[in-house]
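To start, the structure itself, in structure tokens.
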Amino acid sequence: MWHNLITIALLAFTSILPSGSEVRAATTSSPVSHNRRFPNDFFWGVGSSSYQIEGGWNADDKGESIWDFLTHTHPEKIVDKSNADISSDSYHQWRRDVQMVRELHVTSYRFSLSWARIMPGGYMNHVSTAGIKYYSNLIDELLRFNITPMVTMYHWELPQRLQELGGWTNPEIIPLFKDYARLVLEMYGDRVKLWTTINEPWHVCEHGYGVDYMAPSYNYPGIPAYLCGHNLLKAHAEVYHMYKEHYQQRQGGRMGITLDTSWPEPRSDSDEDHEASERAMQFYVGWFGHPIFSKKGNYPKVMIERIRNLSKEQGFTRSRLPEFTTAEIHRIRGTSDFFGINSYTSNLVVPNDHNNTGKFPVPSFNHDMGVIESQAEVDWPSSGSEWLKVFPKGMYKLLMWIHREYDAPEIIVTENGVSDRGGLEDYPRVDYYNLYLSAVLDAIEDGANVSGYVAWSLMDSYEWKAGFTEKFGLYHVDFSSPQRTRTPKISAHVFAHICKTNTIDWSYRPSLDEQQLVVMARLPEMEANAASGAPFFSWALALSLILGLCARH
């Protein structure tokens with residue numbers, strides 16, 4: 001079968017690599033014949049998010065979230081016009097979820113809380129007993145099996161009533177988020193030892209307010225995203241300080257934040273393309289990373305100067321990027337116990353020019369950044385998502401950039417994974433994990449302090465604007481079944497093997513077992529063939545990926 005080609009290719013390519021190569025033996029001696037091991041204290045996890053998996057959108061007294069509102073009022077904005085009213089139905093199937101987490105041999109389960117399920121209107125005046133109990137039961141079940149809950153307070157699911165006040169663009173969100181965080185720390189902090197406040201602030205702000213993509217889908221470029229970011233950073237810092245001052249000593253946990261980016265790979269070796277790559281990192285990661293993790297705090301210098309100068313040229317009376325006071329800079333700096341990073345893919349980048357070749361709106365985040373991103377010129381392997389192509393070297397470069405830029409922080413890869421269009425025989429996902437985990441291990445061996453890795457995701461679920469058309473799960477979910485039956489894919493067995501052995505084992509490529517074959521036989525033909533029908537790797541692509549991993553420096 002085609003999925004064995006990569007094994008043959010790896011063996012063949014090993015024999016033609018230059019004998020004088022400076023690549024370390026673990027990489028050149030074929031991943032098939034030389035398994036690679038992670039540090040003994042490395043922790044493994046798998047992730048999900050509340051809106052994507054829970055369903056039960058109005059169960060008990062849950063309030064309406066911005067995603068409930070968007071999908072119900074504008075279904076045309078979703079690829080398949082679907083919503084997550086039921087989705088994977090984890091609100092009722094949470095015991096099976098924990099069983100799946102156990103089967104993967106991970107030590108941690110990363111999940112998020114729905115603010116609207118706990119506080120239906122976003123305020124303390126109405127707290128849902130059912131919502132509190134739901135997450136309490138889930139946490140207890142995880143702990144019963146020695147699985148560490150890694151809890152995200154906010155994964156894009158704002159109560160709709162708060163959005164009607166302006167959401168994250170209104171400074172009132174700061175005390176409201178602090179109230180919400182205080183409640184969940186009081187309820188769960190005795191049992192939860194690993195917290196993230198906010199997942200992917202760039203998406204919250206730019207994709208929520210700057211463009212018509214994520215809820216609340218403002219499509220208002222160049223201004224509200226920066227207001228959102230300013231309030232979000234201050235809200236995060238207030239929650240972190242509250243935790244440090246009132247909870248951490250007696251609860252004994254840690255708290256951080258999770259940022260995200262696709263690695264911006266320079267299109268050429270020109271100084272201009274390398275500068276574009278660095279500028280993209282400062283805008284994507286530095287926007288939220290610099291105020292928290294840099295020695296001096298505040299927004300990146302290049303961001304402050306570019307937005308100020310462009311704002312002036314555009315006729316604004318002050319910079320569209322708000323300014324922190326000196327006290328605020330000090331208040332925000334250092335407010336994370338680890339650096340959470342989500343990343344899936346890479347883009348080729350070149351600078352935008354004075355003629356705005358990128359045709360970005362003026363003003364806008366992209367115009368301010370001045371970088372054109374594309375995957376059109378690359379032959380990297382594709383996936384089930386148009387935006388996601390496979391370039392493992394980008395993961396290595398990203399981790400090393402964070403390591404250098406922020407003085408070797410502890411890094412947790414809080415999301416990494418790949419999509420397809422369905423099926424159980426997902427060897428492409430197996431290859432993706434093996435390649436990206438090899439890149440993570442390369443970064444560790446070159447000095448990056450990466451302490452853990454969380455695979456995305458536990459199961460097929462609602463993939464935001466893509467609806468149910470893209471699948472990221474290690475477990476298949478039968479969305480036509482009232483029980484939303486879950487079945488492990490090939491990748492679930494392989495990832496479990498990695499977590500159990502702490503080792504990347506390229507030779508471990510199991511076949512479908514009897515249970516999986518029965519499920520496969522019931523799948524619609526399109527989905528059954530979606531993951532395994534087309535080769536993920538050609539010989540040329542396999543060679544380019546391997547050589548890319550080798551040429552790390």
Side-chain angles (χ1 to χ4, degrees), residues 1-11 13 31-32 46-47 104 262 343-346 375 378-395 415-440 453 455-461 463 466 468-477 487-498 504-513 516-517 519-520 523-549:
M1 292 178 66
W2 71 263
H3 57 266
N4 290 322
L5 287 178
I6 188 168
T7 302
I8 301 168
L10 287 162
L11 290 167
F13 296 151
V32 176
V46 65
L104 290 172
S262 300
S343 192
Y344 293 82
T345 188
S346 299
Q375 295 178 334
V378 297
D379 58 358
W380 302 336
S382 58
S383 70
S385 306
E386 185 178 351
W387 57 270
L388 202 171
K389 293 187 181 293
V390 182
F391 185 63
K393 189 177 178 182
M395 175 61 86
E415 285 182 29
N416 180 237
V418 70
S419 62
D420 56 31
R421 294 294 173 131
L424 301 180
E425 203 172 11
D426 60 340
Y427 294 100
R429 184 170 286 109
V430 170
D431 296 326
Y432 180 96
Y433 279 123
N434 284 338
L435 286 163
Y436 271 73
L437 283 169
S438 292
V440 171
Y453 175 94
W456 188 268
S457 63
L458 176 59
M459 72 191 104
D460 294 339
S461 61
E463 192 49 41
F468 294 104
T469 64
E470 300 173 8
K471 318 288 187 182
F472 278 85
L474 292 162
Y475 281 74
H476 173 272
V477 176
T487 306
K489 303 178 186 179
I490 292 290
S491 61
H493 295 316
V494 173
F495 189 66
H497 185 71
I498 292 170
I504 304 169
D505 181 357
W506 279 84
S507 66
Y508 184 67
R509 300 180 74 79
S511 300
L512 293 173
D513 60 27
Q516 292 168 318
L517 287 168
V519 173
M520 279 284 283
L523 294 181
E525 184 177 355
M526 184 181 297
E527 184 180 352
N529 294 330
S532 58
F536 191 61
F537 288 95
S538 68
W539 288 73
L541 289 176
L543 175 58
S544 68
L545 284 168
I546 294 163
L547 294 181
L549 279 170

_The criterion is side chain to side chain contact (heavy atoms under 4.5 Å, CB included); which residues satisfy it with Leu517, sequence neighbours excluded?_
Leu512
*Just by modelled atom types, is the Pro428 backbone N or O under 3.5 Å from a matching donor or acceptor in the Asp426 side chain?*
no
*Between Gln375 (side chain) and Ser346 (backbone), is there a donor-acceptor pair under 3.5 Å?*
yes
_Any side-chain heavy-atom pair of Leu458 and Leu104 under 4.5 Å_ = yes
*Where Asn434 and Ser438 come nearest, the two heavy atoms and their spacing*: O-OG, 2.8 Å
_Side-chain donor/acceptor of Thr345 to backbone N/O of Lys389, under 3.5 Å_ = yes
*Asn416 side chain near Tyr432 side chain, heavy-atom distance below 4.5 Å*: yes
*Check whether any side-chain heavy atom of Lys489 lies under 4.5 Å from a side-chain heavy atom of Val494, and answer yes or no.*
no
*Heavy-atom side-chain proximity of Ile498 to Tyr508 below 4.5 angstrom*: no
*Side chain Arg429, main chain Leu474, donor-acceptor under 3.5 Å*: no
_Is the shortest side-chain heavy-atom distance between Tyr433 and Ile504 below 4.5 Å?_
no
_Using a 3.5 Å distance criterion without hydrogens, assess whether the side chain of Ser383 forms a donor-acceptor pair with backbone atoms of Ser385._
yes
_Strictly distance-based, threshold 3.5 Å: is any side-chain N or O of Lys471 a donor or acceptor partner for the main-chain N or O of His476?_
no
*asked:* Using modelled atom types and a 3.5 Å cut-off, is there a donor and acceptor pairing between side-chain atoms of Tyr453 and backbone atoms of Val46?
replied: no
*Does the side chain of Phe391 come within less than 4.5 Å of Leu435's, by heavy atoms?*
no
_Run the side chain to side chain contact (heavy atoms under 4.5 Å, CB included) test against Ser343 and tell me which residues pass, sequence neighbours left out._
Met395, Leu398
